[in-house]
There are 2 protein chains.
Amino acid sequence: MNSQLAFNALGDPTRRAIFEKLQHRPMAVVDIADGLPISRPAVSQHLKVLKEAKLITLKTVGNNNIYKLNRDGIIAMRNYLDQFWEDALTNFKALAEQTEKDKK
Amino acid sequence: MNSQLAFNALGDPTRRAIFEKLQHRPMAVVDIADGLPISRPAVSQHLKVLKEAKLITLKTVGNNNIYKLNRDGIIAMRNYLDQFWEDALTNFKALAEQTEKDKK
DNA sequence: TTTATTAGTAAGTAATAACTTACGGTAAGT
DNA sequence: ACTTACCGTAAGTTATTACTTACTAATAAA
């Protein structure tokens, strides 16, 4: 799992908007772009980033590229972050205990 | 919790490096900057972002600003992101079930 | 078989983010 | 007092990212 890709992918507000749109239903690119204040090609570029981060996938149906959330990618990211926070909190706790000990 | 702050703060690799450094021990700014390929003021700027995202705090001791992880902030962000992924997966599941139903 | 719709990519521009150097202020050591 | 060490901020530069328009290709509809 490349955390850098995922963080980066969701770091942009427009991409988060797209990601959240796809939570409602799978959508073709025109539909995703509809309502967003940017051009359709710009949306395509964002979709590329989300796809490379493995957060979404696409299925071509005739003329349409239907994008949807990628369950496996999302789970991978969630698991990575679970570990990330756990490490941080574990280390925090160890430091706090060390500080206690140092006082004595 | 502000999602923009969360993703933005950890979206930058240098900031994640700083965050991980602080998992080992609280550190003064010079120590944080030591080893990083950027200038000390640049580090200060990253620290500001992490601080505003409530991931770290600082304590001034004489001439030193000692930065350390902020347990409460980390927990808040973990909880927020847990929810974020859970929502995504819940929606994914609902969509999958809907698709099943539509087939019938 | 034209005509319209969908969508990705290329190339250039605009906006943003990360960085540097220069500075000022404060505390600690001499 | 003077000097050194620490650190934040300001201002400007560089690098990166987001965006636009123009184009091409592919399928669907007429």
Side-chain angles (χ1 to χ4, degrees), chain A residues 2-22 24-70 73 77, chain B residues 2-22 24-70 73 77:
Chain A
N2 189 337
S3 64
Q4 180 56 42
L5 283 177
F7 271 122
N8 181 49
L10 291 171
D12 181 84
T14 302
R15 280 194 289 269
R16 272 209 310 289
I18 291 173
F19 185 82
E20 282 165 8
K21 263 198 166 193
L22 292 176
H24 297 64
R25 61 180 178 88
M27 285 168 100
V29 180
V30 234
D31 295 330
I32 297 170
D34 186 50
L36 294 179
I38 57 174
S39 70
R40 202 233 351 119
V43 171
S44 272
Q45 289 162 16
H46 283 305
L47 288 169
K48 188 180 182 183
V49 175
L50 287 166
K51 180 161 62 82
E52 284 170 353
K54 306 220 188 294
L55 290 172
I56 61 175
T57 59
L58 80 112
K59 173 178 61 170
T60 300
V61 176
N63 224 345
N64 297 325
N65 278 5
I66 311 290
Y67 283 87
K68 66 166 191 165
L69 300 191
N70 178 12
M77 184 65 190
Chain B
N2 186 334
S3 66
Q4 182 55 41
L5 281 178
F7 283 113
N8 184 46
L10 291 170
D12 182 83
T14 302
R15 280 194 289 270
R16 275 212 306 290
I18 291 173
F19 185 82
E20 283 166 8
K21 263 199 165 193
L22 292 177
H24 297 64
R25 60 182 180 86
M27 286 168 99
V29 179
V30 232
D31 294 330
I32 297 170
D34 186 51
L36 293 179
I38 57 174
S39 71
R40 203 242 336 129
V43 171
S44 271
Q45 289 162 14
H46 284 303
L47 288 169
K48 189 180 182 182
V49 175
L50 287 167
K51 180 160 64 80
E52 285 171 352
K54 306 220 188 294
L55 289 172
I56 62 175
T57 59
L58 79 111
K59 174 178 59 171
T60 301
V61 177
N63 227 344
N64 297 326
N65 278 5
I66 311 290
Y67 284 87
K68 67 165 191 165
L69 300 191
N70 177 10
M77 191 167 290

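Chain identifiers are assigned alphabetically (A, B, ...) following the order of the sequence lines, protein sequences preceding nucleic acid strands; residue numbering begins at 1 within each chain. Just so it is clear, the model here is predicted, and its values are computed rather than measured.
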What is the distance from [atom1] of [X] to [atom2] of [N], rounded to the nearest Å?
{"X": "Leu58(B)", "N": "dC6(D)", "atom1": "CG", "atom2": "P", "answer": "17 Å"}
{"X": "Arg16(B)", "N": "dA18(C)", "atom1": "CZ", "atom2": "C1'", "answer": "16 Å"}
{"X": "Asn8(A)", "N": "dT17(D)", "atom1": "CG", "atom2": "P", "answer": "7 Å"}
{"X": "Lys51(B)", "N": "dT9(D)", "atom1": "NZ", "atom2": "C1'", "answer": "12 Å"}
{"X": "Met27(B)", "N": "dC6(D)", "atom1": "CE", "atom2": "P", "answer": "13 Å"}
{"X": "Arg40(B)", "N": "dA22(C)", "atom1": "CZ", "atom2": "P", "answer": "14 Å"}
{"X": "Leu36(A)", "N": "dC19(D)", "atom1": "CG", "atom2": "P", "answer": "10 Å"}
{"X": "Leu50(B)", "N": "dC7(D)", "atom1": "CG", "atom2": "P", "answer": "16 Å"}

Shortest non-hydrogen separation from Arg15(B) to Asn8(B) and the atoms involved: NH2-O, 3.0 Å
Between [N] and [X], is there an OP1 or OP2 to side-chain N/O distance shorter than 4.0 Å?
{"X": "Ser39(A)", "N": "dC19(D)", "result": "no"}
{"X": "Asn64(A)", "N": "dA7(C)", "result": "yes"}
{"X": "Arg15(A)", "N": "dA18(D)", "result": "yes"}
{"X": "His46(B)", "N": "dA17(C)", "result": "no"}
{"X": "Tyr67(A)", "N": "dG8(C)", "result": "yes"}

Which one, [options], comes nearest to the side chain of [X]?
{"X": "Pro41(B)", "options": "dA22(C), dC19(C), dT21(D)", "value": "dA22(C)"}
{"X": "Ser44(A)", "options": "dA7(C), dC19(C), dT20(D)", "value": "dA7(C)"}
{"X": "Ile38(B)", "options": "dC19(C), dT6(C), dT9(C)", "value": "dC19(C)"}
{"X": "Ala42(B)", "options": "dA18(D), dT20(C), dG8(D)", "value": "dT20(C)"}

What distance separates [X] [atom1] from [Y] [atom2], expressed to the nearest 0.5 Å?
{"X": "Leu5(B)", "Y": "Leu55(B)", "atom1": "CG", "atom2": "CG", "value": "9.0 Å"}
{"X": "Ile66(B)", "Y": "Arg25(B)", "atom1": "CD1", "atom2": "CZ", "value": "9.0 Å"}
{"X": "Gln45(B)", "Y": "Leu50(B)", "atom1": "CD", "atom2": "CG", "value": "12.5 Å"}
{"X": "Lys59(B)", "Y": "Asn64(B)", "atom1": "NZ", "atom2": "CG", "value": "11.0 Å"}

Quick one: do the Thr57(A) and Asn70(A) side chains pair a donor with an acceptor below 3.5 Å? no
For the backbone of Leu10(B) and the side chain of Arg16(B), can you confirm whether one donor and one acceptor N or O come within less than 3.5 Å of each other? yes
Could you tell me if the side chain of Tyr67(B) sits less than 4.5 Å from the side chain of Ile32(B), heavy atoms only? yes
Dump the pairs, protein N or O against N or O of nucleotides 11-16 of chain D, anything under 3.5 Å, distances to one decimal.
none

Asp12(B) and His46(B): side chain to side chain contact (heavy atoms under 4.5 Å, CB included), yes or no, with the steps? CA-CA 9 Å; Asp12(B) 182 83; His46(B) 284 303; 3.5 Å; yes
What one-letter contact string describes nucleotides 24-30 of chain D from 5' to 3', where B marks a base within less than 4.0 Å of any protein heavy atom, S marks contact via sugar-phosphate atoms alone, and - marks no contact? --BBS--
